[in-house]
Amino acid sequence: MAIETTTVQGKVVCPDGNGATGGVIRFTLSQPGAADDGTYNDVVGGVYEATIGSDGTVSFALVPNDAITPADTYYKAEFRVTSPERAAWFEYWSMATGVDPIDIGDVTKLSNPTGVASPPTALSTGTLPTAAAAYRGQIRYVPGGAGVDDIGVQCLKTAADTYQWVQFNAGGES
Amino acid sequence: MAIETTTVQGKVVMPDGTGATGGTIRATLSAPGSVSDGSIDNEIGGSFEGTIAGDGTITGLVLVPNDVITPATTYYIMEFIVTSPIRARWTVNRTIDTAPDPVDVGDLSAA
């Protein structure tokens, strides 16, 4: 048995609807992990580059994140289009075993993977969501009124494996 | 009696599921310590390198397990240095035990 992989198919398309005509997609696993090949429990890590074909077509395989231990890995996918116009952008991908092959447009994109700081978010009424794993590492602020400091907080895990918003400034003072 | 060792086996695999095709794994002991060979307590420290073969298989990575080293708090700083098909490098901290032997690289405990 080989290591489980999921094939990604489809095209990289430019804003005019035509396929890109060259470039690569560079995949970096968020952290090294372990995956079973049926004989050994191997280590998975590093970088992989998939080629964008002359009509934008891509076809490549990745080890799905739900086959990797620990459970919260993801891929940083860096798109580097070289023609017809140079362009670059990146996304955070979560690959699964369920649908194989999967269209590139259907791959689960993560907005705020664990460990990636998100931009501060203004909250209405000054109420924070209940601290939870989904917010781990996120930095937010509760806006202060006129003449009053904003309150800066970050969601952090405790030694008891619970989550809490930790204030990092004096805040709230006028 | 020789010094106890544990063999690390398995493969280094790239994100596309294929094996790395070259490189090394450098294991550095976190701190020097002592280890018995059955008659003498010896000094142990430094680094050792195993090889990543052409199909990703780890070869020659034989290490003194941390549970026979004094003090009991040592671990190995393991640098995976992949040279092909694409250069990549990452570091993890792992502890090696006397059992199981051999041990799969993916089963090593985080330090």
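Residue numbers begin at 1 in each chain, while the letters A, B, ... track the order of the sequences.
Looking at B:Val92, the atoms closer than 4.5 Å to chain A (heavy atoms on both sides) all sit in the side chain, from C-beta outward. In this structure, no portion of A:Thr28 lies under 4.5 Å from any heavy atom of chain B. For A:Glu49, the parts lying under 4.5 angstrom from a heavy atom of chain B are both the backbone and the side chain.
Atom CD of B:Glu49 has more than 12 heavy atoms from other residues, nucleotides or ligands within 6.0 Å.
Hydrophobic clustering, with ILVMFWY side chains joined whenever heavy atoms are under 4.5 angstrom apart, keeps A:Trp93 apart from B:Ile86. A:Tyr48 and A:Ile25 fall within the same hydrophobic cluster, defined by Ile, Leu, Val, Met, Phe, Trp and Tyr side-chain heavy atoms under 4.5 Å apart, directly or through other members. Transitive grouping of hydrophobic side chains (ILVMFWY, heavy atoms separated by less than 4.5 Å) brings B:Leu108 and B:Val82 into a common cluster. A:Ile68 and B:Val105 are not part of a single hydrophobic cluster, where members link through side-chain heavy atoms under 4.5 Å apart. Linking ILVMFWY side-chain heavy atoms closer than 4.5 Å, directly or via other members, places B:Val103 and B:Ile3 in a single hydrophobic cluster.
In this structure, CG in A:Asn41 is found 10.5 Å from CD in B:Gln9, a value given to the nearest 0.5 Å. Note: B:Thr57 OG1 to A:Tyr40 OH = 7.0 Å, rounded to the nearest 0.5 Å.
At least one side-chain heavy atom of A:Tyr75 sits less than 4.5 Å from a side-chain heavy atom of B:Pro15.
Of all heavy-atom pairs between B:Val13 and A:Asp42, the closest is CG2-CB, 3.9 Å. The two residues A:Val47 and B:Ala88 make their nearest non-hydrogen contact at N-CB, 4.1 Å.
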